[in-house]
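A note on names: the letters A, B, ... follow the listed sequences, proteins ahead of strands, and every chain is numbered from 1.
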Number of protein chains: 4
Amino acid sequence: MVVANHIAGKIERGELKLGQRLPSELDLAEQYGVARMTVRRAMKELRERGLIRSVHGKGTYVQQPDPPAENVDR
Amino acid sequence: MVVANHIAGKIERGELKLGQRLPSELDLAEQYGVARMTVRRAMKELRERGLIRSVHGKGTYVQQPDPPAENVDR
Amino acid sequence: MVVANHIAGKIERGELKLGQRLPSELDLAEQYGVARMTVRRAMKELRERGLIRSVHGKGTYVQQPDPPAENVDR
Amino acid sequence: MVVANHIAGKIERGELKLGQRLPSELDLAEQYGVARMTVRRAMKELRERGLIRSVHGKGTYVQQPDPPAENVDR
DNA sequence: GTGGTCTAGACCACA
DNA sequence: GTGGTCTAGACCACT
C-alpha cells in the first residue's frame, strides 16, 4: 500500500487540500510507475478511509484530512 | 441503465401514456441529475425496445405501453 | 446581419484575436438576446467570409482578421 | 457513421478476417482522428450489425464477413 | 428549443 | 490495458 500511504500522507500534511482534485488514475499510475489496477486499489483503500471521494466521469477529490470527527448528530 | 428502466417502468405502469411527449432530454438530465449523454443512451435503449419514438426538432413520444403481447388466444 | 457584423467588427478591431475561442452559440444567443438559429446564421456568414472556423464538439475559433491575403502559391 | 462504414468495408472485403482482433478503441480513435466515444458508437453499430463481438477486458473481434447469406442450397 | 453528433477526458470492471 | 459507463459542454440539423 505504498501508493495509498504516500497519498494519505500528502492529504494529512495538507499538501492536498480539501476539495482538491487528484491527478487522474492514469496520471497517478505513470507518476508512481505502477499499473492502473494498483492505483485503483489504493484509491479504494483511501475511499474506505474516508480521505477521498470519487465521482464517475469527473475525478476523485480530497474529502477529509484525518479525524473521524464523530459528528453523530447534535 | 437506471434512467431507462425508470422511464420504462413509468410507461409500463401507464404513468406515461401512448402518444404523450416526454420532457426534453435536457430536462430529463436535470431531473435525474445526470449528463445529457446518459439520458440519450437511455432514450436509445427505449427506442430499441420500441417504447418511445424520437422526432428530430420536436420531441420524444411514448409509443407502446407494453411488448407485442401476442395474446392471440385465451 | 447585425450579429455577424458586430462580431466581424470585433475581429477586425482585434478585440477577438486569432485562434481565440468565441463564446458558445448558446452564450452568444443570450448575450445578443436572439435565438440560437440567428447566431448560427451569423456564424455561417462569418465562416464563409473566412473569419472563423467551427470545430464540431469543441468550439468556434477566430481564423483571420481581415485581408483576403491572396497567397496563391509562392 | 464514417468510421463504422469504413471498418465494415474492411470486414466485408476480407481485409479484416473472421476472428481477428481489431485495434483497441483508443488506437482506432487515434487512427481515425476522432474521440474514443465516436469509435465506441461505431463499434456499437457494428456489434448490432453482427460484424464484430466485443469482449470486456480483452478486445473486439471480427465475427462475420457478410450477412447470414442463407446459401443453403446451390 | 428539440433531438443528433461530437470532443476530451474522467472513473469502473474485467481478464 | 481492454472495453464499459459517465461528465460537461460544444456545434449541427430540424421544425
Quick one: do C:Leu26 and C:Arg36 satisfy side-chain contact (heavy atoms from CB on, under 4.5 Å)? Show the steps, please. CA-CA 6 Å; C:Leu26 202 73; C:Arg36 184 120 79 274; 3.0 Å; yes
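- Within the 4.0 angstrom heavy-atom criterion, only backbone atoms of the sugar-phosphate kind lie near A:Arg21; the bases stay farther away.
- Between B:Tyr32 atom OH and F:dT7 atom P the separation is 14 Å, expressed in whole Å.
- Checking B:Val34 against D:Ser24, the closest nucleotide of DNA chain F that is more toward the 5' end is the one next to D:Ser24.
- Scanning both residues, D:Arg40 and D:Arg47, for their nearest heavy atoms gives O-NH2, 4.4 Å.
- In this structure, the CG atom of C:Leu26 is 8 Å from the P atom of F:dA10, given to the nearest Å.
- Closest approach of D:Leu22 to D:Met43, counting heavy atoms only: CD2-SD, 4.2 Å.
- Here the C1' atom of nucleotide F:dA8 and the CG atom of C:Asp27 are 13 Å apart, to the nearest Å.
- Rounded to an integer number of Å, the gap from OH of A:Tyr61 to C1' of E:dG9 is 11 Å.
- Residues D:Val2 and D:Leu46 fall within the same hydrophobic cluster, defined by Ile, Leu, Val, Met, Phe, Trp and Tyr side chains chained together at heavy-atom separations under 4.5 Å.
- Rounded to whole Å, atom P of E:dG4 lies 13 Å from atom NZ of D:Lys44.
- With DNA chain E read from its 5' end, the first of the two nearest nucleotides for D:Gly33 and B:Pro23 is the one closest to B:Pro23.
- For the pair C:Leu28 CG and F:dC12 P, the computed distance is 13 Å after rounding to whole Å.
- Distance B:Arg53 CZ to E:dT2 C1': 14 Å, rounded to the nearest Å.
- Note that CZ of B:Arg53 is 12.5 Å distant from CZ of B:Arg21, once rounded to the nearest 0.5 Å.
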Per-residue pairing states of DNA chain E in dot-bracket (Watson-Crick or G-U under 3.5 Å; . unpaired, | other strand) read ||||||||||||||.
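- Distances shorter than 4.0 Å separate some side-chain N or O of D:Arg41 from OP1 or OP2 on E:dC6.
- The two residues B:Leu28 and B:Pro23 make their nearest non-hydrogen contact at CD1-O, 3.6 Å.
- Rounded to an integer number of Å, the gap from B:Glu45 CD to E:dG3 P is 18 Å.
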Solution key, residues 4-11 of chain D side-chain donor-acceptor pairs under 3.5 Å, sequence neighbours excluded:
unit_1	atom_1	unit_2	atom_2	d
D:Asn5	OD1	D:Arg49	NH2	2.9
D:Asn5	ND2	D:Met1	O	3.2
D:His6	ND1	D:Tyr32	OH	2.5

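- Looking only at distances, a side-chain donor or acceptor of B:Gln20 sits under 3.5 Å from a matching main-chain atom of B:Lys17.
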Please enumerate all protein N or O atoms sitting under 3.5 Å from an N or O of nucleotides 13-15 of chain E, with distances to 0.1 Å.
unit_1	atom_1	unit_2	atom_2	d
E:dA13	N3	D:His56	NE2	2.7

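- When atom types are taken as modelled, the side chain of D:Glu45 and the backbone of D:Ala42 share no donor-acceptor pair closer than 3.5 angstrom.
- Backbone-only contact: A:Arg47 has heavy atoms under 4.0 Å from sugar-phosphate atoms and none from a base.
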